[in-house]
Amino acid sequence: MNIWTILSLFFISIILIPNLLIGVQFFTEPNENWEHIKHYLLQDYINNTTIILLFTAIATTIIGTTLAWFVTIYDFPLKRFFKWGLILPLAIPPYIGAYTYHGILNYTGVIQTTLRNSFDIQVNQAYFNIMSIQGAIFIFTLFLYPYVYTITKTFFQNQSASLIENATLLGSGSTSTFFRVALPLSQAAIIGSVTLVILEVLNDYGVVSYFGIQTFSTAIFRTWYGMKDLDSALKLAGLLMFIVIIVLMLEKVLRGRKKYSYASTKVRPVQPKRLKGWKAWAITGYCSFIFGIAFIIPLAQLIQWGLMTYETIWSPQFLTLAKNSIFVAAVASLIIVVIALIIANYTRLHDSIFVKIISRVTTLGYSIPGAAIAIAIITIFITLDRVLLNIYSTLQMDSQFILRTSLVMLVSAYIIRFLAIGFNSIETGYEKIGNSFTEASRLLGSSTIRTFFKVDLPLMKSAIFSGFILVFVDILKELPLTLFLQPFNFATLATQAYKYANDERVQEASIASLFIILISGISIFIFHCLLEKEAK
């Protein structure tokens with residue numbers, strides 16, 4: 001057993017332990033709190049969660065797929081901008097979008113104030129109430145559709161132009177080609193991207209908590225903090241994981257066993273068709289509308305609030321928040337990339353059923369909602385602290401390092417939750433470089449470790465950087481894990497923005513939100529440039 005096997009097994013066990021803990025705890029003897037939740041509250045959690053998931057999935061599929069098709073198949077005004085600009089709403093975390101739109105639409109917001117003061121129009125408040133299930137679906141759709149757009153666009157761009165041309169020669173129009181050719185071929189890409197959207201919705205705590213909607217994530221938080229009942233919280237986490245399993249199984253069923261591959265190596269990418277007249281401006285208008293409501297409007301409102309509160313918010317304390325956010329995101333991202341490199345290198349050099357299982361387990365963490373991971377992590381670290389305290393007592397040591405009050409617990413949760421993102425990027429990089437260079441180095445007498453550092457790493461620079469960026473952005477925006485597990489007197493931009501908004505101080509939350517959006521936006525643009533460079 002070499003060092004790669006030992007390290008891979010060690011990291012995989014770290015991912016599996018929280019999942020096993022939740023699974024075992026689910027079958028323990030229930031208490032009175034759990035009986036109350038099961039009889040009076042559980043049905044509401046299931047209904048609300050299901051409604052939000054279903055309609056968000058439908059809406060993001062429609063918007064993301066149509067945008068991807070238009071950008072790929074047509075040439076229209078501002079297309080080059082929209083090609084990457086439509087990804088930018090991903091830089092705005094849904095919880096920031098939620099309180100921003102609530103601030104825009106409420107009684108003192110810019111819309112109702114303008115209608116009253118400029119046009120003397122009094123409106124029915126019910127028409128502008130976004131703090132509902134419908135409002136949550138609206139928010140999730142706006143800020144999560146880029147998952148569907150990005151993945152589906154990539155699939156459309158890589159399709160052979162002959163498929164579209166043959167459909168046209170057979171008399172099929174653009175609409176018919178989209179429904180009869182493009183959609184069936186892109187079924188796997190669409191289902192996979194919508195599954196990511198569903199997992200993000202299940203992971204959310206900020207939006208549903210701010211809107212006062214009873215879902216599993218809010219229930220776990222309230223059971224844990226409100227009732228001080230860790231056992232019932234673990235049972236709710238187990239049910240939430242059961243829903244995730246159903247979603248993943250449904251994804252497999254919907255994908256089926258259909259596979260599409262090219263019958264020829266002479267594959268030409270799709271050449272965009274130039275549009276003129278009203279059709280061109282109609283598509284431009286559609287893209288502009290989605291981009292406007294998903295990015296420009298919330299960004300403009302945040303900038304206005306930021307200018308109003310800049311003098312009171314910008315302080316050494318805010319700089320500490322920014323430093324905390326960047327530090328913990330950078331450290332966790334670096335550790336994740338290193339672990340991903342080790343596991344991906346092991347799985348590519350060995351071919352067996354066991355290796356395939358390892359590969360699947362590595363991506364398991366991303367499918368587990370943050371609230372469930374947080375509950376499992378805190379339980380594990382409480383147990384570890386008890387062991388440490390016994391050791392300190394036995395050795396009569398005065399200095400005591402308590403794990404659950406340190407950043408170790410938070411970073412550990414980040415690793416479990418986001419390892420899949422780094423692993424997928426690294427694994428893709430390894431697939432591109434292949435094994436020939438590694439095998440040549442080994443034949444020349446180099447050890448596996450020397451080959452890894454001298455051959456593999458230089459070839460993997462782009463994949464490593466891409467993986468780091470993706471993980472860094474996700475951790476910077478992450479709320480549930482950070483809110484649940486942050487040490488005492490340690491806060492990040494995400495938790496501070498949420499706390500301001502939750503205290504109805506949405507204007508004060510703008511500076512932290514803008515900082516998150518700025519870093520995320522720049523990172524997304526860099527990532528887009530890397531993808532475009534590799535595609536050429």
Side-chain angles (χ1 to χ4, degrees), residues 15 18-19 22 45-46 48-61 63-64 89-90 92-95 97 136-137 139-152 188-209 213 215-221 236-255 336 359-377 413-425 470-471 473-475 477-482 484:
I15 298 172
N19 299 280
I22 294 174
Y45 300 154
I46 295 173
N48 293 342
T49 301
T50 303
I51 291 171
I52 293 174
L53 290 180
L54 178 62
F55 286 97
T56 300
I58 293 172
T60 51
T61 299
I63 294 175
L90 207 58
I92 303 179
Y95 59 89
I137 294 168
I139 293 297
F140 285 132
T141 299
L142 285 188
F143 302 107
L144 295 179
Y145 84 81
Y147 283 109
V148 182
Y149 165 75
T150 305
I151 295 174
T152 309
I190 294 172
I191 293 172
S193 59
V194 172
T195 301
L196 288 178
V197 171
I198 290 174
L199 293 177
E200 287 294 324
V201 174
L202 286 173
N203 179 61
D204 173 78
Y205 173 77
V207 175
V208 290
S209 174
I213 302 171
T215 62
F216 277 97
S217 57
T218 57
I220 290 171
F221 187 85
L236 285 169
L239 277 177
L240 186 55
M241 285 184 60
F242 180 70
I243 293 175
V244 170
I245 292 172
I246 291 176
V247 170
L248 296 178
M249 290 176 63
L250 187 61
E251 179 199 12
K252 283 287 186 182
V253 171
L254 291 175
R255 286 196 185 200
I336 286 171
S359 180
R360 295 296 298 174
V361 171
T362 303
T363 60
L364 184 64
Y366 191 71
S367 63
I368 306 171
I373 293 176
I375 289 291
I377 287 293
Y414 285 152
I415 292 171
I416 294 172
R417 167 84 176 131
F418 298 110
L419 178 60
I421 298 175
F423 178 79
N424 288 338
S425 179
L470 289 174
V471 175
V473 170
D474 270 348
I475 293 177
K477 299 189 301 177
E478 207 283 329
L479 180 65
L481 284 177
T482 314
F484 290 0

(request) I would like to know whether I46 and F216 meet side-chain contact (heavy atoms from CB on, under 4.5 Å); could you show each step before the answer? (result) CA-CA 8 Å; I46 295 173; F216 277 97; 3.9 Å; yes

(request) Side-chain contact test, heavy atoms from C-beta onward, threshold under 4.5 Å: evaluate it for T56 versus E200 and give yes or no. (result) no

(message) Please report the interatomic distance CG(L239) to CD1(I220), rounded to the nearest 0.5 Å.
(response) 9.0 Å

(message) Just to verify, what does F221 make a ring pair (Phe, Tyr, Trp, His ring centres under 6.0 Å) with, not counting sequence neighbours?
(response) Y205, Y225, F484

(request) With sequence neighbours excluded, tell me which residues meet side chain to side chain contact (heavy atoms under 4.5 Å, CB included) with L196. (result) Y147, I151, Y366

(message) According to side chain to side chain contact (heavy atoms under 4.5 Å, CB included), who are the partners of A219, at least two apart in sequence or on a separate chain?
(response) Y45, L236

(message) List the residues meeting side chain to side chain contact (heavy atoms under 4.5 Å, CB included) with A59, not counting sequence neighbours, and say none if there are none.
(response) T141

(message) Restricting to non-hydrogen atoms, name the atom on I190 and the atom on S193 that form the minimum distance, rounded to 0.1 Å.
(response) O-OG, 2.8 Å

(request) Under the side chain to side chain donor-acceptor pair (under 3.5 Å) rule, collect the residues that match up with Y145, sequence neighbours excluded. (result) none

(request) Kindly write out the residues that satisfy ring pair (Phe, Tyr, Trp, His ring centres under 6.0 Å) with F143, not counting sequence neighbours, or none if the list is empty. (result) none

(message) Within this structure, what is the CZ-CD1 distance for the pair F418 and I373, rounded to the nearest 0.5 Å?
(response) 8.0 Å

(request) Please list, chain by chain and in numerical order, all residues satisfying side chain to side chain donor-acceptor pair (under 3.5 Å) with T60, sequence neighbours excluded. (result) none

(message) Applying side-chain contact (heavy atoms from CB on, under 4.5 Å) to V148 and I63, what does each step give before you reach the verdict?
(response) CA-CA 8 Å; V148 182; I63 294 175; over 6 Å; no

(request) Would you indicate whether the side-chain heavy atoms of S217 and V208 approach each other to under 4.5 Å? (result) yes

(message) Rounded at 0.5 Å granularity, tell me how far CG in L90 sits from CG in L142.
(response) 12.5 Å

(message) Ignoring hydrogens, what is the shortest heavy-atom contact between I377 and I416? Give both atom names and the distance.
(response) CD1-CD1, 3.5 Å

(message) Between I213 and I52, is there a side-chain heavy-atom distance shorter than 4.5 Å?
(response) yes

(message) Taking T215's backbone N and O only, do any of them form a donor-acceptor pair with T218's side chain (distance below 3.5 Å, no angle check)?
(response) yes

(message) Which residues pass the side chain to side chain contact (heavy atoms under 4.5 Å, CB included) test with L54, not counting sequence neighbours?
(response) I58

(message) Within the 4.5 Å heavy-atom criterion, are N203 and P480 side-chain neighbours or not?
(response) yes

(request) Calculate, to the nearest 0.5 Å, the distance between atoms CG and CD1 belonging to L202 and I243 respectively. (result) 6.5 Å

(message) Is any side-chain heavy atom of I336 closer than 4.5 Å to one of I475?
(response) yes

(message) Among residues at least two apart in sequence or on other chains, which ones pass side chain to side chain donor-acceptor pair (under 3.5 Å) with T482?
(response) Y414, E478

